[in-house]
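Here's the structure we're looking at; comments come further down.
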There are 2 protein chains.
Amino acid sequence: MTEAENFSDCTVLHEDTVKAVQAQMPDEPQFYDLADLYKVFGDTTRIKILWALDIHEMCVCDLAVLLNVTKSAISHQLRILRQENLVKPRREGKEVFYSLADDHVRSIFEKGLEHINEL
Amino acid sequence: MTEAENFSDCTVLHEDTVKAVQAQMPDEPQFYDLADLYKVFGDTTRIKILWALDIHEMCVCDLAVLLNVTKSAISHQLRILRQENLVKPRREGKEVFYSLADDHVRSIFEKGLEHINEL
DNA sequence: ATAACAATTGAACAATTGTTCAACTGTTAT
DNA sequence: ATAACAGTTGAACAATTGTTCAATTGTTAT
């Protein structure tokens, strides 16, 4: 970021608008949290996992078969989903069944579908 | 993806569940479109742009100052946002003012915030 | 104890992404 | 016409990401 860029003619012209918007913007951490959440939805494997778990709880192995990737890949992605509090595990013997942590996932999906289906 | 992985003991056990879920899953393109949409929200610069435009329409130069990155970076990101039909441009002389294309952005944000504010 | 299987983890790798720089287009004013 | 500024574009680069492989942990049954 150069100084020249920071003080172009255009900016001086719209100084009031920029300052007003600046005052209404949330602080940095909020943006990072939001971005991290959406980043999770920005991968087809993870979207498929979430979609599947929304239909029925499943173990790692089943998800691997369903999505045609290794158990390892599924496990890595489930860790990310756990970290974002989107899924929760339930151990039953040797298997670990995963399900959605709450119904935010469903409503976030709905909003996304609304958008892409309107084009 | 190895064959061994595809036909583990576990899978045979839950064959019915997997098949039922498989039948209810949307087809591949739908997942790609969804992922592409969310990918857009998965970057702080883009989130900030969208948030800012939700408050007030702005030109490229103003956004650059507000977010403290180069006009080039803003322009690149705006192209992505245009491609996903999230923002629309309006030329006025030398400047191009951008605004939100519809109010999906706002409702998608709301769902995201609901989730992160509940932890 | 040991074998068998589900799941997790870390390292390595290729692929994708976001930024900047430099060159270019478009518009306005002199 | 030419200068000045807003915006766009493509190339290059560093950083991040998603996958697989190999090794490890956890659980159950023999």
Side-chain angles (χ1 to χ4, degrees), chain A residues 1-14 18 31-32 35-36 38-49 57-65 67-84 87-98, chain B residues 1-14 18 31-32 35-36 38-49 57-65 67-84 87-98:
Chain A
M1 181 73 240
T2 62
E3 270 192 45
E5 201 103 55
N6 247 332
F7 297 92
S8 51
D9 298 5
C10 158
T11 305
V12 178
L13 219 67
H14 311 138
V18 175
F31 283 120
Y32 276 106
D36 280 343
Y38 288 122
K39 230 174 270 180
V40 171
F41 288 83
D43 174 78
T44 45
T45 303
R46 284 191 296 264
I47 285 204
K48 287 178 191 169
I49 291 176
E57 75 164 4
M58 289 180 108
C59 69
V60 178
C61 183
D62 290 341
L63 285 165
V65 174
L67 307 187
N68 203 40
V69 289
T70 61
K71 280 183 296 178
S72 176
I74 296 289
S75 192
H76 279 300
Q77 300 298 4
L78 283 170
R79 185 172 48 80
I80 295 172
L81 295 171
R82 272 193 326 263
Q83 280 168 356
E84 286 291 331
V87 303
K88 55 172 192 282
R90 175 180 71 83
R91 184 175 270 278
E92 189 178 315
K94 285 184 289 189
E95 299 169 1
V96 178
F97 288 90
Y98 281 87
Chain B
M1 179 72 241
T2 63
E3 271 191 44
E5 201 103 56
N6 248 330
F7 297 92
S8 51
D9 297 5
C10 158
T11 304
V12 178
L13 219 67
H14 311 139
V18 175
F31 283 119
Y32 275 106
D36 281 344
Y38 288 122
K39 231 174 268 181
V40 172
F41 287 83
D43 174 78
T44 46
T45 302
R46 284 191 296 264
I47 285 202
K48 287 177 190 170
I49 291 176
E57 73 163 6
M58 291 180 106
C59 70
V60 177
C61 183
D62 290 342
L63 285 167
V65 175
L67 307 189
N68 202 42
V69 289
T70 61
K71 280 182 296 179
S72 174
I74 296 289
S75 192
H76 279 301
Q77 300 299 2
L78 283 170
R79 185 172 49 80
I80 294 172
L81 294 172
R82 274 196 320 267
Q83 281 169 353
E84 286 291 331
V87 303
K88 55 173 192 280
R90 174 179 72 83
R91 183 175 270 279
E92 190 178 316
K94 283 185 288 187
E95 299 169 3
V96 178
F97 288 90
Y98 280 89

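Throughout, protein chains are lettered first and strands after them, A, B, ... in sequence-line order, and every chain is numbered starting at 1.
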Could you tell me which non-hydrogen atom of A/Tyr98 sits nearest to which non-hydrogen atom of A/Pro89, and how far apart they are?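 Smallest heavy-atom distance, with atoms named: CE2-CB, 3.6 Å.
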
Closest heavy-atom contact between B/Gly42 and A/Lys39? O-CE, 3.0 Å

Report the nucleotide, chosen from C/dA6, D/dG7, D/dT20, that has the shortest atom-to-atom distance to any side-chain atom of A/Glu95. C/dA6

Taking A/Arg46 for its side chain and B/Ala35 for its backbone only, find out whether a donor-acceptor pair lies under 3.5 Å. no

How far apart are the C-alpha atoms of A/Leu78 and A/Val96, what are their side-chain angles, what is the distance that settles it, and do they pass the side chain to side chain contact (heavy atoms under 4.5 Å, CB included) test? CA-CA 11 Å; A/Leu78 283 170; A/Val96 178; over 6 Å; no

All N/O contacts under 3.5 Å from nucleotides 9-11 of chain C to the protein, with atom names and distances to one decimal?
from	atom 1	to	atom 2	distance (Å)
C/dT9	O4	A/Ser72	OG	2.7
C/dG10	O6	A/His76	NE2	2.9

Please tell me which of A/Lys94 and B/Val60 maps to the more 5' nucleotide of DNA chain D, matching each residue to the nucleotide holding its nearest heavy atom.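 First, find each residue's nearest nucleotide; the 5'-ward one identifies B/Val60.
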
Output, in order, the C-alpha distance, side-chain angles, deciding distance and verdict of side chain to side chain contact (heavy atoms under 4.5 Å, CB included) for B/Gln77 and B/Ile80. CA-CA 5 Å; B/Gln77 300 299 2; B/Ile80 294 172; 3.5 Å; yes

Nucleotide N/O of nucleotides 15-18 of chain D paired with protein N/O under 3.5 Å:
from	atom 1	to	atom 2	distance (Å)
D/dG18	OP1	A/Arg46	NH1	3.3
D/dG18	OP1	A/Arg46	NH2	2.7
D/dG18	OP2	A/Arg46	NH1	3.2

Between [N] atom [atom2] and [X] atom [atom1], what is the distance in whole Å?
X       : N      : atom1 : atom2 : answer
B/Arg91 : D/dC5  : CZ    : P     : 16 Å
A/Leu78 : C/dT8  : CG    : P     : 7 Å
A/Glu92 : D/dA29 : CD    : C1'   : 16 Å

Any base atoms under 4.0 Å from B/Tyr98, or only sugar-phosphate, or nothing? Heavy atoms, all strands. sugar-phosphate

Going through the distances and angles, do B/Ile47 and A/Tyr38 end up as a side chain to side chain contact (heavy atoms under 4.5 Å, CB included)? CA-CA 10 Å; B/Ile47 285 202; A/Tyr38 288 122; 4.2 Å; yes

Before giving the answer on side chain to side chain contact (heavy atoms under 4.5 Å, CB included), spell out for A/Met58 and B/Val18 the whole-Å C-alpha distance, their side-chain angles and the decisive distance to 0.1 Å. CA-CA 8 Å; A/Met58 289 180 108; B/Val18 175; 3.8 Å; yes

Can you tell me how far the CD1 atom of B/Ile49 sits from the CG atom of B/Leu81, to the nearest 0.5 Å? 5.5 Å

